[in-house]
Amino acid sequence: MNNELVNVSITLNGEKVSAEVEPRMLLIHFIRDIMNATGSHIGCDTSQCGNCTILVDGRSTKSCTVLAVHADETEVITVEGIGTTENLHPIQKAFWEEHGLQCGYCTPGAMMASIDFLSQNPDPTDDEIREGLDGIICRCTGYEFIVNAVRSAAKMMNDDSAVKGEV
Amino acid sequence: MEKMVGQRIKRKEDPKLITGNGMYLDDMKIPGLLHASIVRSPHPHANIVSIDKEKALKHPGVVAVYTGKDLEGKINPVPTSWKVPGMDLIETKQYPLAINTARYVGDGVAMVVADSKYTARDAAELIEVDYEVLPSIANQKEARKDGAPQIYDEVPGNVAFKYVAGEVTDEDLENAEVVMKGSYNTQRVAPSPMETRNSLAQYNPGSGDLKLYVGSQNPHIHRMVLSEVLNFPEHKLHVKVADMGGGFGGKIGVYPDEALVSYASMDLKRPVKWVETRNEHFQSANAGRDMMVDLELAGTKDGKITALRAVNHANIGAYLATFGPGNPTIDFGLMLSGAYKIEKAQCTTYGMYTNTMSVDSYRGAGKPEVTFMLERAVDDFARKINMDPIEVRRINFASKEEFPFTNAQGLIYDSGDYVKALDRAVEKSDYHALRQKQEELREEGRYIGIGISSYVELSGFGPSAVAGAIGFQGGIWENSTVRVHPGGTVTVYTGTSPHGQGHDTTFSQIVKDKLGIPYEDINFVFNDTRAVSMGWGTYGSRSLAVGGNAVGLATDKVVEKGRRIAAHLLEAEVEDIEFEEGVYSVRDDNSRRKTFQEIAKAANFAWSLPEGMEPGLEEQTFFDPSNFTYPFGTHIAVVEVDIETGEIEILRYIAVDDSGKIVNPTVAEGQILGGIAQGVGQALWEGVQYDEKGQLQSGSFMDYAMPKANFFPKIEMEFTETLSPVNQLGSKGVAESGTTGSIAAAANAVMDALAPLGVKHIELPLKPEKVWRAIQKGGAES
Amino acid sequence: MGVEIKHKYTFKNLSKQEVWDTIQDPEALQAALPNCEVFEEVGDEKYKTVMKVNMGAIKGEFTADVQQIDKSEPDSYRLLVKARGKPGEIEANAKMVLEEIAEGTELSCEADVSTTGLMATVGQRMVGGVAKVVLGQFFKDIEKQAKQAAGQ
C-alpha cells in the first residue's frame, strides 16, 4: 500500500476544490467524504447499480470504480450541481411529477445518467429509455415511473430549447 | 372542496431527495467518529481455533479489535421475536460475534474499529483466524436426512421447529376423483435494498444515553430487542432511522452488527459507524423465501378443489431471524387455500437449520410463496382436467356474498370480490383473443404463454390479540399523536416507519381532509423512539391500514376537542357546532364561527376553556384493528419463449389489484409496480446461490441478477375498490400485492408456453439455460 | 463441490518418464509456478509454497500446502493443494494421469476445486478461467524444462 498522499483538484459543481488524498481513494469517497457532497450514493461497490453516477467532463461516470486521482483536473457535476428546490432541473422536476422515486437512494445516480443519456438522445422512445437506464439498478419503482420521468424530462427540455430557439 | 384522499398528490418527500439533500445514515458525520469493519467467516461451518489480532491492533489508526471471546458475558445473544405456540421451537444462541463456532459464510468472528473506513478494512485483513472446518450443509431437505451434518448438538436432525396447521387425512385424498402431486419451491433471494444495512451508535458517557441510528423498518422493535441484547435500559436507548434507502423486509431484523456497534461506542466512549458492503449484504443480511413445498391437491373432474395438503421445508438459516419462524408457519401455512373456498387444508412446516444466512420476511413474507404454490398448482390441475384455468379459479373462489369469509385454516377474510378482479383482468387482457393468438402462433412455431395468478394477501398487521395467539413477541396496533401548535400548524407523530412508501404525503392527505388546513401546514415525525411514544413499524403492508387509520382517529379527537372549545367560545351547544373546511360554525348561523387556527390559539393559550378541560390541542390514539386486511387481485402475464435459446420475453403484464380505499393512486401504483418487479425478478432472474456445503457463490450484483428497466414492458394496471370494514378509511395493504401476485403469473406464463413441448416443471428462477435444457428434454426439469 | 476443472496438455516429443522426472523435481516445479517465492519440502511428498496471483478479482499472496499421494511412477499421482490467501482459501484435489500418445505424452488433470471468501462469493465465475491460464503457463514451463533436461 502506498501511503504517500497525492493532490487531487477537480471542479466540483462549478467550484474548484482540492485535497491531499491516498492514491487509492475512490472518486465517490472523495466527493462524499472529503468534499461533503453526499447526494451521490454507493449501492454495490462493483459498478452494476449506478447509484454513484456523476458527470465527469460531461459524461456519466460510475464514481465507485474510478480513483479520485483519475479525475484530477476534470469537471465534475453531481446532483447538487444541477438544480435547487427553487429552481429544479427538468430531470428533477420530471422525477418528482412522475413519481420516479420512492426511497430516493438511487435517484441522484439515475438522474445524472439520464441527463447524459438525453444529451445524446434528446427524443428517445420508451424502449430506448429502458436501454439507456441499463446502468442503473432501482429496487423500489420497477422502473416504469422512471421511464415516464425521463420521457417527460425530454419533452420539457425540448420545449425549453424550442422556446429559446436553440433547436 | 374536493377531498384530498383519492387524489394524485405529488410527494412531499421528494424535493429533498431529488436535490441531494436527503440525509441517509452514511451521509452523517460526527466529531470523533470511528468506523467499524467486521471480519466474517469464509467457511459455512467451522470451529474457531484461535484469532490473532496483534497485527491489526498495531496497525496505525486502529482503536480496538473485538472477538467473540472478548464479548462473552457482555452482550447477550440476539433472539428471535416470533415463537409460535405449538411449534416446539429450539432457539439456539446467536452471539453477536461467534465465540467457538461459525455457522454460515458471513458469521461475524471479529470487529475492528479504526479512525477511517479504509483503515478499518485494511486492519480487518490483518486479523488471522485459524479455523477447523466442520461438515456443513445448505439444503433444508438434505439437512433433515439421517447422517446429515449436524449444525447444533442440541438440535437433532437440524429441525428448529415443526408446526402443523389444519388436518387433511389420507382418505380425504384417496376418495377424491382427481389427486395431483407437485413440488413448488421458491428459491432464496436477497432483499437487496439499494442502501445496504448500517448503523451509527453514539454513547454519551455523561448522560448515559445511547443514541443509535440504524437501518430499520421498526425502530421501536430495535429498541426493545437491543435493550435486552445489550442489557441497556430501554428509556436510555434512543433509536432513530435516517432517510433510508429501502428495506423490503431485509431491515426488519435486529442483527448482531447493530449490537456490536452499540457496544463499541459504549466501550470506547466515541461514536462508531458501520456500513455494510454489498458483498457483506449477500453474506449477512437476512435472505427471503427458500421454501421447498410438496403439495397434494384433491379435486373433482369438474374443477372443484376439495383438499390441499402441503409439507413445507423452510430453510431458516443458521440462526433464527427476528420474524423467521412466523413466515412459513403463519403467513404461509394459514394462507394455504388462498382465495378459494376449499373444505380442507393442512400444512406441515419443518423449520430447518442449515449453514446459510438466516431467512426472514421479504416483501410478502410467506404469501408470495404460498400464492406461487397454489396458483401453479391450480394451473396444473386445470391442465390435468382439461379445463381453462380461468374457469377453475371462478369455480373455486370464495364468493363476495360469503364475506367475512373463513378460510380452511380459520382465518377470517374481511372483504373481497375475487370474481370482479378476475373479470377485469380477463377483459383488460382480452384473454380469449390471446388464447386464439397463442394457437395461431404455435402453428408458426412460436410459443407464447398466458399466466394467471389470483391472490389474496394477509396484510395490515393487525389485531394484537391475534399477535399474542400466534406468538409474535409484540403488539401490532399503531399509535399516532396529532399536536396542534398555537398558530394552527400541525405536527403528526406516527409509529410506522416509512423509507420510500410516502407516508408523509399520504398521511398528510388524511389529516388535511379532516382538519381543512393547508396541506403545507402538516408535518410528520416518525422513525424516532424518543419522539414517538411507541410504534411497531413498517412491514406486512400495515402502515396505511393500521398507522394511517391511527393518524385519522387521532385527528378526529383533535376535531372533537376543538368542537367543544368552539362551542364554549361561540356560546352554543356542542351538538350544534359544525366543522367544515377548517371552520367551526354554529348550525343555522354560520356568522358565528371560529377558524381552526383560532381554536388552536385558544386551546394553547387556555384563557377561556370549557370547565374542567385541560389546555392544549394534542391528541393521541392507539389503534388496534379488529382484523387483518385481505387485499386481492388477479395478474396476467403474457410471455414468449424463444425455444432455440430458452430466453423469455415479457410481452404484456396486466395487474388488477384491490387494496380497498386508495389514498393516493400514484403512490399506490408505485407500490404495485415495484412489487411486480420483485416478484417477476424472483420468477425469472434472481437467486442466491450456495453450493451444497453452504459456500456462498453469489456475492455481488455481478453474480446476482437484479431486474433492470429493459426487462419489462409497460405494466397495464388498475384497481378495483372493495372497502375493508375493519378500519375507518376502508383501506387494505398495497405494498406486497404486486410481489405476491406476480411470481406465479410469470411462472405460469412460461409453463403455459412450454406445455405443448411436454415441459411440466422448471425450478425458479427460469433462466434461459434451464428453460433451454427443459425444452431439450421435453419433460421434467434437467 | 466447488468447480470441476479438466485440463489436458500434450508434451511434444517427450516420454512419460521425462515428463514425470521434471514434474517431480521441486526446483523445476518452483521455476514453473508463476510468481512462486517459496517452495520447500516439509515432509515426505509434502511441500510448502508461497506464490502471488494477480488475475482480475483474484489477487494476492497465497500460502499453500501441497501433497502428493497415490504415486504410481510414471503413470499417475494425486495432488492435494490447500492454499490460503486474502481473497480466500482454495482446496484442490487433482488426479494427474500421464499417457504416451503419438505426439509425445499427454498429461490430463482432473481437479475438484473449492474456494472460500471473496473468491467464492464474487470470483466463482472466474476460478475456472484463472485455473486454465495458470495451468497452461505451468505446463508450458514444465515442458520447456523437461526438454532442456532431455537435451532437446
Side-chain angles (χ1 to χ4, degrees), chain A residues 1 22 24-25 29 32-33 36-46 48-49 51 78-85 88-89 91-93 95-108 111 126-127 129-147, chain B residues 8 10-11 13-24 26-29 116-118 122 191-196 243-248 275 277-279 281 499-502 666-667 669-678 680 700-702 706-712 714-715 738:
Chain A
M1 188 184 71
E22 281 187 52
R24 63 172 171 166
M25 176 171 275
H29 290 144
R32 286 176 48 81
D33 300 344
N36 294 320
T38 54
S40 311
H41 303 132
I42 302 169
C44 72
D45 312 311
T46 51
Q48 269 73 48
C49 80
N51 289 194
T78 67
V79 65
E80 288 93 342
I82 58 171
T84 62
T85 37
L88 294 172
H89 185 281
I91 197 79
Q92 291 170 311
K93 215 183 276 180
F95 266 72
W96 189 13
E97 282 169 3
E98 299 293 338
H99 191 28
L101 65 149
Q102 289 179 28
C103 78
Y105 195 80
C106 76
T107 313
M111 292 193 302
D126 280 9
D127 281 350
I129 295 172
R130 286 182 186 270
E131 288 296 332
L133 288 167
D134 192 48
I136 298 295
I137 297 177
C138 166
R139 192 54 151 172
C140 294
T141 63
Y143 302 101
E144 185 157 320
F145 288 170
I146 295 182
V147 174
Chain B
R8 295 182 181 274
K10 278 202 295 184
R11 294 205 319 172
E13 292 83 344
D14 293 353
K16 74 171 176 182
L17 300 176
I18 54 178
T19 53
N21 287 299
M23 184 56 74
Y24 297 86
D26 196 24
D27 300 343
M28 288 192 279
K29 283 186 181 175
S116 85
K117 64 183 157 212
Y118 279 67
D122 286 343
S192 308
M194 295 321 297
E195 183 195 32
T196 53
D243 288 328
M244 191 164 95
F248 314 109
V275 177
T277 64
R278 183 58 62 183
N279 181 243
H281 183 80
H499 41 279
Q501 294 86 348
T666 305
V667 169
E669 285 164 4
Q671 290 296 314
I672 295 289
L673 287 170
I676 290 172
Q678 285 178 13
V680 174
S700 76
F701 286 153
M702 292 182 284
M706 289 283 276
K708 292 197 183 180
N710 56 0
F711 293 8
F712 300 97
K714 183 175 166 51
I715 309 294

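Letters go in sequence order (proteins before strands), and every chain restarts at 1. Here the structure is a predicted model, which means the values were calculated and not measured.
When the candidates G500(B), A709(B), G738(B) are compared by the number of heavy-atom contacts under 4.5 Å with chain A, A709(B) comes out ahead. The candidate from D243(B), V667(B), V680(B) with the greatest count of non-hydrogen atom pairs under 4.5 Å with chain A is V667(B). Ranked by heavy-atom pairs shorter than 4.5 Å toward chain B, the options P108(A), C44(A), G135(A) are led by C44(A). By number of non-hydrogen pairs under 4.5 angstrom with chain A, the leading residue of I672(B), L17(B), D14(B) is D14(B). Of the listed residues N36(A), T141(A), I82(A), the one with more heavy-atom pairs under 4.5 angstrom with chain B than any other is T141(A). When each of G675(B), G670(B), S700(B) is checked for heavy-atom pairs under 4.5 Å with chain A, G670(B) comes out on top. Contacts with chain A were tallied for T277(B), N21(B), L673(B); L673(B) has the most, counting heavy-atom pairs under 4.5 Å. Annotation: maximal heavy-atom pairing with chain B below 4.5 Å, among G142(A), G39(A), C103(A), C49(A), occurs at C103(A). The candidate from V147(A), I91(A), I129(A), T85(A) with the greatest count of non-hydrogen atom pairs under 4.5 Å with chain B is T85(A).
Proximity to chain A (any heavy atom under 4.5 Å) is shown, for I715(B), by both the backbone and the side chain. Proximity to chain A (any heavy atom under 4.5 Å) is restricted, for M244(B), to the backbone atoms N, CA, C and O. With a 4.5 angstrom heavy-atom cutoff, N51(A) touches chain B only via side-chain atoms. Within the 4.5 angstrom heavy-atom criterion, no atom of H89(A) approaches chain B. Within the 4.5 angstrom heavy-atom criterion, atoms from both the backbone and the side chain of E669(B) approach chain A. Looking at Y105(A), both its backbone and its side chain come within 4.5 Å of chain B, counting heavy atoms on both sides. Proximity to chain A is limited to the side chain of F248(B), based on heavy atoms less than 4.5 angstrom apart. With a 4.5 Å cut-off on non-hydrogen atoms, Y24(B) touches chain A through its side chain but not through its backbone. Both the backbone and the side chain of Q671(B) come within contact range of chain A, with heavy atoms under 4.5 Å apart.
For the atom pair OG1 (T196(B)) and CD1 (I42(A)), the distance works out to 8.5 Å, reported to the nearest 0.5 Å. How far OG1 of T46(A) is from CZ of R278(B): 8.5 Å, rounded to the nearest 0.5 Å. With rounding to the nearest 0.5 Å, the separation of CD in Q48(A) from CE in M702(B) is 5.5 Å. A distance of 10.5 Å separates CE of M194(B) from OG1 of T107(A), quoted to the nearest 0.5 Å. To the nearest 0.5 Å, the span separating CD on E97(A) from CZ on R8(B) amounts to 14.0 Å.
Annotation: side chain of Q501(B) is not in contact with side chain of Q102(A) (no heavy-atom distance under 4.5 Å). Inter-residue side-chain proximity for L133(A) and K708(B) is flagged as unmet; no heavy-atom pair is nearer than 4.5 Å.
Taking R32(A) as the reference, D26(B), D27(B) meet the salt bridge (charged side-chain N to carboxylate O under 4.0 Å, His left out) condition, with sequence neighbours excluded. Remark: K117(B) engages D33(A) in a salt bridge (charged side-chain N to carboxylate O under 4.0 Å, His left out) (not counting sequence neighbours).
For T666(B) against H99(A), the heavy-atom pair with the smallest separation is O-CD2, 3.3 Å. Closest non-hydrogen pair, M25(A) versus Y118(B), comes out as CA-OH, 3.4 Å. Nearest approach of I18(B) to Q92(A), heavy atoms of both residues: O-NE2, 2.7 Å. Taking every heavy atom of both residues into account, R24(A) and D122(B) meet most closely at NH2-OD2, 2.5 Å. Considering all non-hydrogen atoms of both residues, R11(B) and L101(A) come closest at NH2-O, 3.4 Å.
Side-chain atoms of E131(A) do not come within 3.5 Å of backbone N or O of N710(B) as any donor-acceptor pair. With hydrogens and angles disregarded, no donor-acceptor distance shorter than 3.5 Å links the side chain of Y143(A) to the backbone of F711(B). A donor-acceptor pair under 3.5 Å is absent between the side-chain atoms of R139(A) and the main chain of G245(B), judged by distance alone.
Annotation for K10(B): atom NZ counts as buried by contact number, over 12 foreign heavy atoms lying within 6.0 Å.
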